[in-house]
Each structure stands twice: as structure tokens, then as C-alpha cells.
Amino acid sequence: MSDAPIEIAAHASLDSISAADWDACACPEGATGRPIDPFTTYRFLKALEDSGSVGTGTGWQPRYLEARIDGQVIAVAPLYAKGHSQGEYIFDFNWAHAYENAGGRYYPKLQIAVPFTPATGRRFLTRPGFEAVGMGALVQGAVQIASDNELSSLHVTFCTEAEAIAAAEMGLLHRTGQQFHWGNNGYADFEGFLADLSSRKRKNIRKERATAQGFGGEIVELTGDAIQPHHWDAFWRFYQDTGNRKWGTPYLTRAFFEEVHGHLRDDILLVLAVRDGEPIAGALNMIGRDTLFGRYWGCTAHHPALHFELCYYRAIDFAIAHGMARVEAGAQGEHKLARGYLPVTTHSVHWFADPGFRDAIQRYLAAERDAIDHEIEVLTSYGPFRKDNREEQQ
């Protein structure tokens, strides 16, 4: 490896970094197949930027981080200056309130994350062979930017466990959280999955699927060129309905779905419930190499259990059919437990400029980690799997 110094730069647009350089760090495996993580690809992050979903007026101001040695890009990170704590899913609202009540200015802060996306993946994106030096440079660079600009903090959300451990060794604070994921235990079909469940849970799921499928129409699964512009018109209506109810204002713009159609539709599984020729509900999933990521759901007509069918059971069907290892069903939702999605630990790391505040957060996080571990243990014990299979599913 070269002894040349590492050069760090922050860019306000991905136009300043080539797609080839970014993806050589974010998804080098993409040269021989589907990326492991579709959310850190150049095309996904560029769609957010080009559609105006991030940038001026959104509270997500891009400051993409880049590390070079001898002119070669060795590492990148999706870094943003944040003017609020919306769209993160590992939330720090209480920290912000405490910091500002003490007379500090919490915002803007720095965030290494995929906006609006509670999906675990690498956040310190390094070219193969530069893993340690690249991550070290990115951490040091991000902390230096925060310090030079007198910002309160740096947050890295939904990173991998390995990244969290390495970052903690560099002095960042490690936080854990919880999500519900489905794991493929080598199932040949959905019935094989059901065979691992208790008798009562099997019956409940079969009944639920029958109820959902009796909505008076058909359910279609679309990906790639099978997705047409009018499908996005329908899904935009669904997304607006969900966004208005959950967040007040939808995070993504209509233009984002146009970008998706133009550049990302091979990464998409769109599941639609169609009645009388019109989609009435839909679920959008992103396809990784071994994981299906459930992202958005919405509807314009209610039917019992249709949400569970489109979001959870069809995702399981797709994962089994394509030999995928897991389904990540997004943030929150203990109702997923009864449908075969078990609790797993998520990770984030945090840096604070103020040493007193850092010490207080460190004490809080130690107690929170213990509580999360206990909650995951308890929830897993209430899972739907037969007792003789439960240990295998963890």
C-alpha cells in the first residue's frame, strides 16, 4: 500500500464523484451481479439528489465524503448536514431537546446514512484492500468537518455490527436498536415456512392470507420492464396517503419515482392489488443480492389483511422463490412477530463535540443496550415458531 497521504474531500453533489469510483467502493460485487446493498449504490443516492428529495429545503444537505490516495478513490460515505432529525429511524429527538435546553445548538449536525431508509448496510464504503485505512480516514474526516464547523455531533445510522465495533474502538459511541426480519431456513416454499410454526400460528396465517386474497381482484408482482409509468402514478397516490398520515409531508418527491423508473426498476419489486383494472394498494421493495428490503406501503381502499399479504407474505414468497436469505421489513412493528419476522439488533455510532454531553449519552446508551437485549430476548420467546425450531431461527 502507498505511503502517500490520504486526501479527504466533501462534495455538495454526486456529480463531483464518478459513478465508477463510487460503486467501486459501495458495491464492488456489482461488477459480477446484483449489489448486496441497493441503497448505497450511486444510482440510488443520485436519484434522491436529482429528484430534490435531498438538498436545499429538505434538511438533508449532501456533503458526500471522499478519500483518495495518489488520486485513487479508496473510500466514500453518504454524508449529510442535517437541519432536523426527520427521516432517520434511529431517533435522537430527546438528545436534541436536552442539548438545546442546556443552551447548546444541536442543529445542524452531520449524518452518515441513507436518507429515509432504515436498512442495515455498510456506511463506510471502502474499495477492496483499503477497508481499515479507508474507514479510519472517513471517520477522521467526518469528525474533523464537524469540529472545524463547530457542529454538535456526528451520527452514523444503520451501519453494520462490524463497523459499529470498529468505530467504537476509534472513540465513537455505540448504540443498538431493534427491527423485525424474516430468515430463510432453506425453505422450498411458503408451506415449508409454515411447517416451522406452531399449529395455531399456521392456521392464523392461512386464514389471514385467504382473507386478503378475497379482496375482489388480483395481486401482481412486477419488476424490471414489467413496471410501467402508470404503475408509479398509482404508487405515488399510495405513498402520499401513507406519508401524509405518518410524517405530515412525504419525504420523497414525485420526481424520485420517475428516477426510479428510469434507473432503478431492475432493483424494484412492486406488489400491487388490482381491482377492476385499477391498483388499490401496493408495496414497494428493493432487491439486494441476498435480502429483500420492504420499503413503502399504501392504499386507496381498505381490505382486511391486505397489508400483511402485500408487505410480508408476498415478500416471503419472493425471497423463497429467489433463494434469498432474509427479508428486512423496515422499522418498528411488533405485529410482524406473529408473521414470522423475529427481532434483530440494529446498530449506530455517534460522536459529540461536548465532552460532558458525550459522557451523559454514554451512560444512557449502556442502559439502553441492556434494555434492548432484554426486549429482543423476550419478544423472541413469543415468536410463532415451534419451540423445537425457535433456537434455529435466532
Side-chain angles (χ1 to χ4, degrees), residues 3-17 21-22 25-26 40 45 49 54-88 90 92 95-96 98-100 102-115 122-127 130 132-157 159 163-164 166-175 348-362 365:
D3 292 328
I6 300 175
E7 300 175 358
I8 300 290
H11 301 288
S13 171
L14 273 178
D15 289 333
S16 299
I17 307 173
D21 279 338
W22 184 278
C25 300
T40 54
L45 296 170
E49 182 183 325
V54 300
T56 303
T58 68
W60 290 82
Q61 199 63 38
R63 291 293 184 266
Y64 308 106
L65 208 56
E66 173 195 59
R68 289 177 178 261
I69 294 179
D70 286 331
Q72 181 187 40
V73 176
I74 64 160
V76 295
L79 177 67
Y80 299 85
K82 288 296 305 297
H84 52 60
S85 293
Q86 301 292 337
E88 296 172 10
I90 293 177
D92 59 350
W95 299 354
Y99 197 85
E100 294 181 351
R105 182 186 177 198
Y106 196 75
Y107 304 108
K109 61 178 183 175
L110 291 183
Q111 189 93 14
I112 294 178
V114 178
R122 290 190 304 129
R123 296 294 174 260
F124 301 101
L125 310 173
T126 57
R127 189 182 290 268
F130 293 90
V133 68
M135 180 176 174
L138 293 173
V139 170
Q140 184 177 357
V143 168
Q144 191 66 51
I145 290 171
S147 181
D148 289 348
N149 290 276
E150 299 183 347
L151 304 183
S152 68
S153 52
L154 164 70
H155 309 266
V156 185
T157 44
C159 60
E163 287 178 320
E169 292 174 352
M170 298 177 198
L172 278 68
L173 304 182
H174 182 190
R175 187 180 193 185
S348 62
V349 292
H350 309 266
W351 173 89
F352 297 94
D354 184 274
F357 194 75
R358 179 193 186 280
D359 290 345
I361 294 296
Q362 187 171 33
L365 291 181

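Worth knowing before you read on, the calculation uses all heavy atoms, side chains too, and leaves out hydrogens, waters and symmetry mates. Just so you know, these numbers come straight off a predicted model, no measurement behind them.
- No more than 12 heavy-atom neighbours from other residues, nucleotides or ligands sit within 6.0 angstrom of CD on Q140.
- H155 and F352 have their aromatic ring centers within a separation under 6.0 angstrom.
- L45 and T40 make their closest contact through CD1-O, 3.9 Å (heavy atoms, listed as atom of the first residue, atom of the second, distance).
- Paired with I74 under the rule side-chain contact (heavy atoms from CB on, under 4.5 Å), one option of D21, T126, I69 passes, and it is I69.
- A donor-acceptor contact shorter than 3.5 Å links the side chain of R122 to the backbone of A26.
- Between R68 atom CZ and I6 atom CD1 the span is 13.0 Å, to the nearest 0.5 Å.
- Heavy-atom minimum distance, V349 versus A164: CG1-CA, 3.7 Å.
- Nearest heavy-atom pair, L365 versus R175, reported as atom, atom and distance to 0.1 Å: CD2-CG, 3.5 Å.
- A pairwise comparison of heavy atoms in R123 and E163 identifies N-OE2, 2.9 Å as the closest pair.
- Interatomic distance, OH of Y64 versus CG of L79, reported as 10.0 Å (0.5 Å rounding).
- Between the side chain of D92 and the backbone N or O of W95, no donor-acceptor pair lies under 3.5 Å.
- Across all their heavy atoms, H84 and W60 have their closest contact at CE1-NE1, 3.8 Å.
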Candidate pair L151 and K109, rule side-chain contact (heavy atoms from CB on, under 4.5 Å), full reasoning: CA-CA 6 Å; L151 304 183; K109 61 178 183 175; 5.9 Å; no
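- Counting heavy atoms from C-beta on, the side chains of I145 and L154 never come closer than 4.5 Å.
- Inter-residue side-chain proximity for L125 and W22 is flagged as met; some heavy-atom pair is nearer than 4.5 Å.
- Counting heavy atoms from C-beta outward, S152 and D354 have side chains that stay 4.5 Å or more apart.
- For F124, the ring-ring contact (aromatic ring centres under 6.0 Å, His included) test picks out no residue, with sequence neighbours left out.
- V156 has its side chain out of reach of S348: every pair of non-hydrogen atoms, C-beta onward, lies at least 4.5 Å apart.
- Contact detail for A113 and P115: the closest heavy-atom pair is O-CD, 3.6 Å.
- From S85, atom OG reaches atom CD of Q111 across 7.5 Å, with rounding to the nearest 0.5 Å.
- Looking at C25 and V73, their side chains come closer than 4.5 Å, going by heavy atoms from C-beta outward.
- Here the OG-CD distance, from S13 to E49, works out to 3.5 Å after rounding to the nearest 0.5 Å.
- We find the NZ-OG1 distance between K82 and T58 to be 8.5 Å, quoted to the nearest 0.5 Å.
- M135 CE to C159 SG: the interatomic distance, rounded to the nearest 0.5 Å, is 7.5 Å.
- Counting heavy atoms from C-beta outward, H11 and I17 have side chains that approach closer than 4.5 Å.
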